[in-house]
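Here is how names work: the chains are called A, B, and so on, in the same order as the sequence lines, proteins then strands, and each is numbered from 1.
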Amino acid sequence: MVTLTINGEPREIDANPDMPLLWVLRDELKMTGTKFGCGVASCGACTVHIDGEPTRSCQALIGDLEGANVTTIEAIDTPAAKAIQAAWVELQVPQCGYCQSGQIMSASALLTATPKPTDDDIDAAMEGNLCRCATYARIRRAIHRAAEIMEA
Amino acid sequence: MLHYLNASLPTPQPTRRAFLKLSAGAVGGLLIGAVIPHKGLANTASGAVATPFVHITPDNRVIVLSKHLDKGQGTATGLATLVAEELDAAAEQVEVEFAPSNPEVYKNLLFGVQGTGGSTAMANSFDQYRQAGAVVRAMIVAAAASEWGLPASEITITNGVVSGGSNSATLGALSALAAAQEPPTDVTLKSPQDWVYIGKGFPRVELPMKTRGSVGLFGMDVQPDGGLVAVTARPPRFGATLASVDATEALALDGVEAVLEIPQGVVVIASNTWIAMQGRDALTLDWVEGSGETRGTDALLAEFRASLDEPGLPSHPRGDAAAKLAQAAQVVEAEYVFPYLAHAPMEPLDMTVLYDGQSATFWGGSQIQTVDHGTAAAVLGLEFPQITINTRWGGGSFGRRATPDGHLTAEAAMIGKAWLDAGNAARPIKLVYSREDDIRGGYYRPMAVHRVRAGLDAEGNISGWEHRVVSQSIFTGTAFESFTVKDGVDHSTVEGISDTTYAIPDMHVDVHHPAVGVPTLWWRSVGHTHTAYVMETMMDELAVAAGRDPIEFRLAYLTGDARLAGVLQLAAEKAGAAGPEGTHRGIAVHKSFNSYVAEIADVRLRDDGTVKVEKVTCGVDCGVPINPDNITAQVEGALGYGLSAILREEITMVDGEVEQANFPDYTPLRITDMPEVEVHIVRSDAAPTGIGEPGTPPIGPAVANAVFRATGTRIRELPFTRHGLA
Ligand code: FES
Ligand code: FES
């Protein structure tokens, strides 16, 4: 039994300790906002925040998360996340949208840590998030736009 | 995909009578159920207008039923735009749901079956969905006129508000009365100068949801009560057969419910996706030695290359290419190699099935609903009305979710049946592909080799063009064979070559279609993925050999194709004389899916010799630009997808076994390689044509032509990783 906090709520999880958090969220708790893209830390679709850090939930084993504080796309509401979500709609970023939960989780963490990111900062923070629809040009613009929204 | 029909058939016009018959239903008024035998349609709450394509609810929502799958290309919003335009609805009140599977009502007018592909969605729906909006509008107007005692001519609708005299009401407030109105037998569509949305903009209907986790949108996220997950262990080589399986260890795992054998492989069913995958890893499988396709890609390439020396089946030969080449002042000759490519949509394939012996329900990103429906019926021995297909938003497709054999639905159906046959109670089962299943699962863009011999006369004009292609046929042996295969030639292998609009009078194109046991499929822009690369790098090479400017050289051969010339000139003008300092420029222009795209790439070489595409300037003509921002987005994405392929993507096989497995070794484009993209759209008034795919073909040759200017090397074997360029 692992006790942790998910989106502000205390949860007790009874699962194989080797089960990745991704599958606890998706299949045990039926929280499907966090996506499965590769299972090997190579696409970023499964990104959540664990204790504020963007983390690939497909690699975070539930047995290692005793006491952890997990935030997923369903509940993220930091000022950075709100600015990112607003900029994402304003610039019409998503196409299929399947990667976008992960993109938004990564971009929100970037903006919280670095409120005025450069293009190099964006490359470094977002390189692990694949978008097969190649919405990258808009992602870059929308992160800059979100920085403006936050400043205002 | 099936855009080939565009060329051979007149623009389809649903007969007005048939269309209006199908539009005539309203809950509580005319019963649509009587006209369209499908339970999905009669389901709206009473008081709602419920035509096959548009519902208006009393709480003032306008629901557009999309007959097309939206897998990111924006079609749902496109259809919503057409309805909202004629209905004069407010953008905020418009929602989209996917239509039920019913080919009679929801067929793609260019396919004859319900399905999405070949960049045909807007082309075939442009009149149909505008008419659907106009019919509903007329019913609302009639309702307001009778309610307020005014002539219909005094009723107006603006931004979702109905007004007449001193009265006003929402669409929703009038829906119950409107539902009781006789639908008109004739409607007049707006003139283009009155459009408020078409050509201007309409926000993507689902984007707010897609920034909050897309909860409930995708097939992968279907989580019905009591649902189980299935993963299949498939053969290591295409077509290999199972010798034996030992499932003892798998069945011992907590959460594994069953291990079932079906023709596709061995299925592990569990309560959780991860447990199902663990169970699959625990299987001991033996495959029949030497069964299936055992050739590797090196062996296949050698065979393909050997075929280049043998005459193939001709495709639209004209003039006398051999004679012209014999007289040519110089001849440029080149061979090209294109690898197999995986589509790798971000949402791996999935399909959920609930089968109870009498009926079956499916949930997933069905792209050719009629094929999936028919496949399920055949596998399960059911009639069409016993099967429901619930289409979900697709997490990308690029062609992968449209399979002419419906293999995914067939597999899900077989799993549902095997589960029931094993004595279990019916439960929803979601068949899930892992990324490894996806990358190794075939249905690839076929490998292709080309050989071209093109001559120039003493004045630097083209003098004869011989072109041979060796590639598997995508369409032969499928239900769609008759669309592209004629006299043994699958036109999708040579599209963009033998039907080029460059005025080349002496051209001989021929083709070999080798039989290979690797399943192939249309991949965003189909044959154009390789034919445009060859045509546009070859035109560049000829221009250089002739000492002519590459734009002027192309324009000289485009006198018969003003729209293709137009986008090239537009892109050239917008790109200016040269790119940023230190960049090299390459251009390409190509027509596909009846749309015209020119791309001008400004490319830098990094210190390590790899290619960085800095900027791409595009000229686009896809007829009436229904939603310009979505056209821009599609061209951005399509060229990113094409760039991804030429830089680093390839599927290789050793002794028939695929070497790549997941994104660490099948490596799509990341943000660090995405260029800045500028898209310039021609304000055409021609009928709208496709935009999901046409942005893909020109990027490869544009970049390759720039690389030639930077390095002096012509890249003729893809991807660029083979040359240290990526
Ligand atoms: S699913 Fe975790 S990184 Fe791809
Ligand atoms: S929006 Fe489709 S994968 Fe990113």
Do you know the tightest heavy-atom contact between [X] and [Y]?
X: B/Y641; Y: A/A134; result: N-CB, 4.3 Å
X: A/Y136; Y: B/L669; result: OH-O, 2.5 Å
X: A/R132; Y: B/S644; result: NH1-OG, 3.4 Å
X: B/L207; Y: A/Q92; result: CD1-CA, 3.6 Å
X: A/Y98; Y: B/G395; result: CB-CA, 3.9 Å
X: A/I122; Y: B/I671; result: CG2-CD1, 4.0 Å

(request) Just jot down the side chain to side chain contact (heavy atoms under 4.5 Å, CB included) partners of A/E90, sequence neighbours excluded, or say none. (result) A/R145, A/I149

For the residue pair [X] and [Y], establish whether any side-chain heavy-atom pair is separated by less than 4.5 Å.
X: B/R435; Y: A/V40; value: no
X: A/I139; Y: B/M674; value: no
X: A/L130; Y: B/M346; value: yes

Given a strict heavy-atom distance threshold of 4.5 Å, which part of [X] is in contact with chain A: side chain, backbone, both, or neither?
X: B/L643; value: neither
X: B/W274; value: both
X: B/Y433; value: backbone
X: B/D221; value: both
X: B/M209; value: neither
X: B/Q278; value: neither
X: B/P675; value: backbone

(message) Please output the residues of residues 68-78 of chain B in contact with chain A, using a heavy-atom cutoff of under 4.5 Å, in numerical order.
(response) B/K71, B/G72

(message) Counting heavy-atom pairs closer than 4.5 Å to chain A, which one of B/P668, B/G640, B/G255 comes out on top?
(response) B/P668

(message) Using a 4.5 angstrom heavy-atom cutoff, name the option from B/S434, B/A344, B/P208, B/S214 with the most pairs to chain A.
(response)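 Most heavy-atom pairs within the cutoff with chain A belong to B/A344.
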
In plain terms, say whether [X] and [Y] are close enough for a salt bridge, that is, a side-chain N and a carboxylate O under 4.0 Å apart.
X: B/E636; Y: A/R140; result: no
X: A/R138; Y: B/D629; result: yes
X: A/K35; Y: B/E347; result: no

(message) B/T672 vs A/D123, test: side-chain hydrogen bond (donor to acceptor under 3.5 Å, both in side chains). Steps then yes/no.
(response) CA-CA 6 Å; B/T672 40; A/D123 279 350; 5.8 Å; no

